[in-house]
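Chain naming here is simple, since letters A, B, ... match the order of the sequence lines and numbering starts at 1 in each.
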Number of protein chains: 2
Amino acid sequence: MAFENLNSRELRVLQNLINHYIQTADPVGSRVIANKFRMGLSPATIRNTMQDLEELGLIRQPHTSAGRIPTDSGYRVFVDMLLKTEPLTEADKSKIRGMVNDGNKGLDAILSQTSRILGEITSQLGITISPKFDEGVLTRIDLIPVADGKLLVIVAVRSGLAKTILMEVESDIDIAELRQMESVLNERLAGLTLGHIRKTLNDRLANTSCSSRLIKLFLDSKSVIWEDQGDEKLHYTGADKLISQPEFADRNRITDFFKLLENQKSLIEFLESKSVGEGIVITIGSENEINEMRSCSLVISKYQTGNNFGVIGILGPTRMPYSKLVSIVDYTAKSLSDALIDL
Amino acid sequence: MAFENLNSRELRVLQNLINHYIQTADPVGSRVIANKFRMGLSPATIRNTMQDLEELGLIRQPHTSAGRIPTDSGYRVFVDMLLKTEPLTEADKSKIRGMVNDGNKGLDAILSQTSRILGEITSQLGITISPKFDEGVLTRIDLIPVADGKLLVIVAVRSGLAKTILMEVESDIDIAELRQMESVLNERLAGLTLGHIRKTLNDRLANTSCSSRLIKLFLDSKSVIWEDQGDEKLHYTGADKLISQPEFADRNRITDFFKLLENQKSLIEFLESKSVGEGIVITIGSENEINEMRSCSLVISKYQTGNNFGVIGILGPTRMPYSKLVSIVDYTAKSLSDALIDL
DNA sequence: GTTTGGCAATCCGCCATTTAGAGTGCTAAA
DNA sequence: TTTAGCACTCTAAATGGCGGATTGCCAAAC
């Protein structure tokens, strides 16, 4: 949209209005902008500018005789053209680093911690999603009989992640058969990405001397083993603070919000679909296709471990302190990626 | 408390009052009880009885000229002396069985499903906690080098559960050393419970010909490997329906509630502390020591897999349909235990 | 002695009305 | 182009009255 030709006064008014609204959650009137922000203009002049901004669809009045509040497009312009990222305090930085690097914890615990710290220092909902395995390169697969009729399959991926699947088998699998299967799998599949393996498994398992029963087993459970089904785990923290924000005064908003959170699968899918490319992604209000999210914004970023990518970020009302959040999410994502290299 | 000498009229009034209140959430007056429940008494007589019940602390008036509502003690008497468990409908039964036995899913997925079905058919919060590993009997331990400096430890437990831990090691561990360590561990530890192993590991690893480096490694990471730290996982579903109940009209109640849910550790600990013994346990309102739970009730039960026990149940406001919930939780716990034997 | 009808008293929830305040849009003057 | 002034509009909060529900108590009835 052609908002590039906004003049500088309009931009400044929009900026001041949004900054003030983010703090107070109250519609902002012309007087406040004129006085508090010392723009050297009278309220009447500001009013004229505000009318222009309203016609452009960047701000709106909840009702006559109220001040203005930003629309989704208004926030979009703010984020694209006016955002000054706010440097983190040392305290926050060290808090983040401390949490993320917390010793010998597993990936899961780290991500849970991370969502907690994100929630805490932002007072919004901190979210983390564990990395997709799909892009992971198989380093090795192990088959371990653990009990009668149970076979534990361990899929180890470069960068140290591992996934275990418990499968049922007929109880009389021969150990030798199993070993053979194992080595065939390793010979033929190691070095490929899981996604790739999934697509080409049929071909790759042709012409072996393995037990056909086992071959069948592995072909049949293709999706369970190689697919990503619901492996990505979602952690979130900070719901309590979030719902005390004024935008959740209406109970229905809260119910909507929890419907959203309980439908983890679609939420994960959605977040992953949005976090394309490098760096921070911000989506605002109605830009989020999920209905229950139409009054929320998202500040997210990918993080990396090995070849695999996960997502972390913040979910909150469209009225959120974007400039702070961008720095926080960015710094956290980077710290997390660093920490996971070490892991 | 000596509520055993309540006369039968008092009991019937209490019962009717609670049944009605559970349905409507409105204070119940003497007229309703007299008419709706056809007790053959006039409202005035009921009023007298209600005064008695109030003096005993079983019911109370929110304000003059309102009907009465049950107190926590009132619910307690109701549950202990007046509860008629309501048989499940066939529809619900088959829903539960269907979900719980849903094919080849892993434990985690089953428990997640279970919490969902509990939430759905009760309109309260369905909760499941995965079993404690501590009582599990080790069937086998495997050591698998997955990458430079990484060692994957797989702890398999009778009944098919397995836990994997990724450890850091110096990169030049010798495969032969590892195999030896593995077989020593299996020889000396298989058949013992994890809890037992944890306590006696030092002694049991004395006098071996294993690499002292490896021995040290295993002793050092004792807690990570054998301990239960946060392994119990909590699933819950139904928050959205729960908070639409009238008792959550006050926003503070909702925030309290989510503080409770986000503090998973203490919630898990609490639920486990309450679920002693066989069968259903019901705790009401202030009987729950956690502050944020003082206006909620809990209907929980243990379930079993191998030697391990987990907990499932329902969390909701003290005004909950106890008689239904008891049957549902009971049936679900049993179905779950059955399904996990099969697993 | 127990139960009941009658009745005054109490308190809540709802509705309409009022009031104060905030902010606007427009117009005319600077 | 900017500003001051002013009539207008709308909200939020306060006020007051009314109807309804329920109680407690007392005296009469069973």
Task: side-chain N/O A:Q61 vs D:dT9 OP1/OP2, d < 4.0 Å - done: no
Open item on the list: Let's see if you can work this out: which of C:dT24, D:dT2, C:dT4 has an atom nearest to the side-chain heavy atoms of B:S42?
Closed with: C:dT4
Task: Side chain of B:E54 (C-beta onward), nearest among D:dT3, D:dG24, C:dT24 - done: D:dG24
Task: Atom pair distance, as rounded to whole Å: CG in B:N35 and P in D:dA21 - done: 13 Å
Open item on the list: From the set C:dG5, D:dG5, D:dA4, return the single nucleotide nearest to any side-chain atom of A:R47.
Closed with: D:dG5
Task: Rounded interatomic separation in angstrom, taking NE2 from B:H20 and C1' from D:dA21 - done: 14 Å
TODO: Would you check, one step at a time, whether the test side-chain hydrogen bond (donor to acceptor under 3.5 Å, both in side chains) holds for B:Y322 with B:S297?
DONE: CA-CA 9 Å; B:Y322 293 95; B:S297 283; 2.8 Å; yes
- [ ] Find the distance A:N48:CG to C:dC26:C1' and express it as a whole number of Å.
- [x] 10 Å
- [ ] Rounded to the nearest angstrom, tell me the gap between atom CE in A:M50 and atom P in C:dC26.
- [x] 15 Å
Task: Residue whose nearest DNA chain C nucleotide is more 5′ - B:H63 or B:T45 - done: B:T45
TODO: Indicate whether OP1 or OP2 belonging to C:dC12 is found under 4.0 Å from a side-chain N or O atom of B:S65.
DONE: no
Open item on the list: Can you tell me if B:Q51 touches the phosphate of D:dG24, counting only side-chain N or O atoms and a distance under 4.0 Å to OP1 or OP2?
Closed with: yes
Task: Heavy-atom pair of closest approach, residues B:Y236 and B:Q264 - done: CE2-NE2, 4.1 Å
Task: Residue that, paired with B:S286, satisfies side-chain hydrogen bond (donor to acceptor under 3.5 Å, both in side chains) out of B:T71, B:D72, B:N291 - done: B:D72
Task: Touch class at under 4.0 angstrom, heavy-atom based, for B:A44 against every strand present - done: base
Task: A:I69 CD1 - C:dT24 P separation (whole Å) - done: 13 Å
Open item on the list: Taking CD in B:E269 as the centre, count heavy atoms belonging to other residues, nucleotides or ligands within less than 6.0 Å. Is the count above 12?
Closed with: no
TODO: For residues B:G126 and B:L118, report the shortest heavy-atom separation together with the two atoms involved.
DONE: CA-CB, 3.8 Å
- [ ] Give one of base, sugar-phosphate or nothing for A:T64, where a contact means two heavy atoms less than 4.0 Å apart.
- [x] sugar-phosphate
- [ ] Starting from C1' on D:dA4, measure out to CG on A:L41 and report it in whole angstrom.
- [x] 15 Å
TODO: Could you tell me whether the phosphate oxygens of C:dT24, OP1 or OP2, come under 4.0 Å of any side-chain nitrogen or oxygen in A:R68?
DONE: yes
Task: Interatomic distance where CG belongs to B:D52 and C1' belongs to C:dT2 [whole Å] - done: 13 Å
Open item on the list: Is there a side-chain contact between B:R9 and the phosphate of C:dT3, meaning an N or O under 4.0 Å from OP1 or OP2?
Closed with: yes
TODO: Measure from CG on B:D26 to C1' on C:dG13 and round the result to the nearest Å.
DONE: 12 Å
